[in-house]
There are 2 protein chains.
Amino acid sequence: MHLDALPHQNQRDTASVTLKDIAAHAGVSRSTVSLVLRESPLVAEQTRLKVQHSIKALGYVYNRGAAALRGSRTSTLGVVVYDIANPFFGAMVAGIDAALNREGYVSFLANSEDSPARQQRFLERMREHSVDGILLCPAEGTDPGLIDTLDNWGMACVQVLRHVAEPPFDYAGANFHQGVCQAMDHLVRLGHQRIAFLGGHSEHSATRERWQGYRESLEHHQLTYQRLLRSTVTRRDGVDMITQLMAESPAPTAVVCHNDMVAFGAMLGLKRLGLVPGVDCAVIGTDDVEEASLSEPSLTSIATHPYAIGEEAARLALRRIANPEGAREQVVLAPRLQIRDSCGAARPTSDSTLPNRAAGTHA
Amino acid sequence: MHLDALPHQNQRDTASVTLKDIAAHAGVSRSTVSLVLRESPLVAEQTRLKVQHSIKALGYVYNRGAAALRGSRTSTLGVVVYDIANPFFGAMVAGIDAALNREGYVSFLANSEDSPARQQRFLERMREHSVDGILLCPAEGTDPGLIDTLDNWGMACVQVLRHVAEPPFDYAGANFHQGVCQAMDHLVRLGHQRIAFLGGHSEHSATRERWQGYRESLEHHQLTYQRLLRSTVTRRDGVDMITQLMAESPAPTAVVCHNDMVAFGAMLGLKRLGLVPGVDCAVIGTDDVEEASLSEPSLTSIATHPYAIGEEAARLALRRIANPEGAREQVVLAPRLQIRDSCGAARPTSDSTLPNRAAGTHA
DNA sequence: GCTAACTTTTAGATCAATCTAAAAACAACT
DNA sequence: AGTTGTTTTTAGATTGATCTAAAAGTTAGC
């Protein structure tokens with residue numbers, strides 16, 4: 001056999017098998033093969049088997065790109081988060097992944113680092129790739145008009161964790177308001193009168209909901225001590241804020257924190273002041289990241305179920321893609337207070353993880 | 001105006017603007033518009049401006065899917081990691097993202113959860129989406145033949161952090177061997193004689209390199225105490241292993257850990273035993289995750305620079321895509337021992353983060 | 001004015017699928 | 001045999017870009 005039978009073909013070493021090749025091999029038309037691939041009931045059983053055999057024999061690989069060009073779906077979703085390095089988002093992305101995978105979808109991930117400009121670039125790029133929809137955790141300072149813009153682009157958009165647009169929108173997140181109230185109730189039940197709230201960056205829904213929960217709870221329990229410290233939400237912020245608070249007089253006897261990172265920082269700050277978290281000052285975090293059960297003392301935390309939020313968000317997006325005109329939905333997961341040692345129960349080395357699980361959903 | 005002028009058109013409300021539309025608007029051919037889009041020097045300045053104006057005027061969106069069908073690139077990369085919920089991978093993905101973004105690339109992310117079967121499914125799905133290449137952190141138990149298979153698929157593949165194939169392959173990771181040696185040297189310098197190594201799952205390169213570093217270092221320093229405990233690599237494993245070790249006689253005076261999670265667990269275990277990390281037993285971790293500087297005591301750790309590894313891996317993949325036949329490369333970043341309080345310096349509340357930074361690269 | 005040598009522009013094929021509308025095959029009735 | 005009605009199959013147009021090879025337009029040289 002002559003090696004140079006096809007002179008200029010060395011580029012195409014990975015000559016890909018197409019519908020045409022299968023059609024030829026099976027002795028049918030391209031159209032029939034296409035129908036078989038899409039599991040159409042139109043094609044006769046016998047033909048179906050014959051074609052499927054050829055598909056295997058030739059090692060065919062479905063070309064989603066080509067299919068997307070003619071059809072209307074790309075089976076692709078864009079996911080934009082603002083801090084992928086945070087373990088909370090790791091778990092959330094894992095949940096998204098799981099839900100999408102079940103439906104044959106695949107996701108583009110982008111990290112806006114809380115910059116609206118980066119976020120904008122990513123959204124445009126995803127549009128060029130014609131994703132079917134977007135899961136958006138809006139960056140700090142996102143223009144509320146963005147959601148309408150995406151809608152005009154004909155792109156299904158589900159806001160996650162935070163929302164910036166006016167009411168009729170798709171959203172998946174946790175009920176932060178309720179979570180903070182649960183934490184406050186628990187602290188009041190333990191006899192605390194001076195409870196501070198630590199952290200929260202600025203004006204998006206996730207922060208507003210927490211603060212509102214804090215203020216309403218104070219009012220509900222008729223507590224007069226009120227101390228709400230704004231900050232970014234890192235460990236270091238936790239250290240700084242608790243240090244400042246404990247120098248005040250009167251100092252709080254308990255703090256509820258914007259997230260677990262701030263709470264870990266607060267506990268560290270207390271220790272550096274020679275105080276014992278859970279004894280000298282109760283600490284409650286938010287999110288219940290894995291580490292919460294393994295700190296010293298173990299951290300009481302408002303569990304927000306990131307994996308479940310990711311799953312719900314992805315499912316909602318798939319629903320919206322299937323039915324673009326359907327009514328907008330808000331999936332808000334009920335948080336659950338995971339009680340451990342940092343809020344006063346103070347049983348040093350016991351594993352106080354409760355076995356029961358409850359995650360309510362309501363539209 | 002009659003609303004039903006176009007009877008069955010209500011589906012196409014998002015009638016997309018194409019090259020043809022721009023061509024008509026600007027009074028040139030589709031080919032010319034295509035050339036303008038790709039910034040070809042062939043087209044005359046005047047025409048270029050005219051076309052660019054039309055592009056803006058009509059709000060054109062480049063359709064990468066269509067371009068990919070005819071051209072050979074999709075500007076798309078697949079990334080497969082085994083534990084996205086781990087903060088190390090969060091940082092790594094952020095680095096990948098940054099490097100890809102500079103080149104107009106976008107990435108699919110998938111989480112294998114260390115399951116070869118899930119990994120396989122993801123790779124097949126990415127193939128259907130015709131990604132230009134893959135960044136693969138191989139799952140535990142990956143068949144070494146997989147890399148060849150990917151090669152046969154004509155897909156650029158860069159292994160990251162771990163590698164499973166036979167020598168000529170593309171790889172980006174850290175020099176774990178060197179990192180462990182640095183940690184051992186430091187401990188020996190501080191006078192430690194009984195040093196244990198904690199954790200490592202099984203038979204892939206990342207674990208083998210660490211263990212080999214440990215063994216060679218023992219030999220080099222002529223230490224006779226040798227204790228290497230296998231385990232998965234979570235906090236809980238750290239707690240369990242240190243508890244077991246401290247009950248032995250003689251107990252070690254220092255431990256080097258597979259990663260920071262194990263190290264945090266080891267410190268927690270020591271505290272639960274009433275011992276002080278850094279005083280009763282030195283602890284060194286690997287990775288230098290953000291939390292390391294904010295634990296009590298702060299953790300000495302072998303910094304492996306996940307963000308930089310991500311960037312390097314992505315750049316290497318882009319190089320391979322541009323030149324598929326080029327020589328395979330290994331980018332191995334030099335780790336740096338970040339010395340803090342958990343290995344004996346024991347200055348309780350000081351911030352001992354060193355200001356100098358050094359990250360060497362060698363092929 | 002004519003040819004040669006550029007510089008620009010373009011028509012039409014192509015990529016790999018889907019979709020539409022019609023043709024072919026087959027069975028079931030008068 | 002002819003009509004009708006299903007069930008299967010298919011040809012050919014279509015999607016939105018790129019690519020090739022050729023055409024059209026410019027400029028220069030003699």
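Worth knowing before you read on, the calculation uses all heavy atoms, side chains too, and leaves out hydrogens, waters and symmetry mates.
- Whole-Å rounding puts the B:Asp21 CG to D:dT15 P distance at 11 Å.
- For the OP1/OP2 pair of C:dA16 and a distance below 4.0 Å, the side-chain nitrogens and oxygens of A:Ser16 include at least one atom meeting the criterion.
- Taking atom CZ of residue B:Arg38 and atom C1' of nucleotide C:dT9, one finds them 14 Å apart after rounding to whole Å.
- Checking the phosphate oxygens (OP1, OP2) of C:dT10, no side-chain nitrogen or oxygen of B:Arg30 falls inside 4.0 Å.
- To the nearest angstrom, P of D:dG12 lies 14 Å from NZ of A:Lys20.
- What separates CG of A:Asn63 from P of C:dT18 is a distance of 10 Å, to the nearest Å.
- Mapping A:Ala68 and B:Gly27 onto DNA chain C via the closest heavy atom, the residue that lands nearer the 5' end is B:Gly27.
- The aromatic rings of B:Phe89 and B:Tyr82 stand perpendicular to each other, their planes meeting at an angle above 60°, with 30° marking the opposite boundary.
- The phosphate of D:dG16 (OP1 or OP2) has no side-chain N or O of A:Arg70 nearer than 4.0 angstrom.
- At most 12 heavy atoms of other shown residues, nucleotides or ligands fall within 6.0 angstrom of atom CD in B:Glu39.
- Atoms CZ (B:Arg64) and P (D:dA17) sit 12 Å apart, rounded to a whole Å.
- Atom CG of B:Leu19 is separated from atom P of C:dA13 by 18 Å (rounded to the nearest Å).
- The backbone N or O of A:Leu109 sits nowhere less than 3.5 Å from a side-chain atom of A:Ser107 that would complete a donor-acceptor pair.
- B:Ser29 has a side-chain polar atom (N or O) that falls below the 4.0 Å cut-off from OP1 or OP2 of C:dT10.
- At D:dT10, one or more side-chain N or O atoms of A:Thr32 fall inside 4.0 Å of OP1 or OP2 (strictly under the cut-off).
- Between the CG atom of A:Leu35 and the C1' atom of D:dT7 there is a distance of 13 Å, given to the nearest Å.
- The nearest whole Å value for the distance from the NZ atom in A:Lys50 to the P atom in D:dT8 is 13 Å.
- Aromatic ring orientation, B:Phe108 versus A:Phe108: parallel (interplanar angle below 30°, classes split at 30° and 60°).
- For the pair B:Thr18 and D:dT15, the criterion of a side-chain N or O lying under 4.0 Å from OP1 or OP2 is not met.
- Of the possible donor and acceptor atoms, none in the side chain of B:Asp132 sits under 3.5 Å from a partner among the backbone N and O of B:Arg73.
- Within the 4.0 Å cut-off from OP1 or OP2 of C:dG12, not a single side-chain nitrogen or oxygen of B:Ser31 is found.
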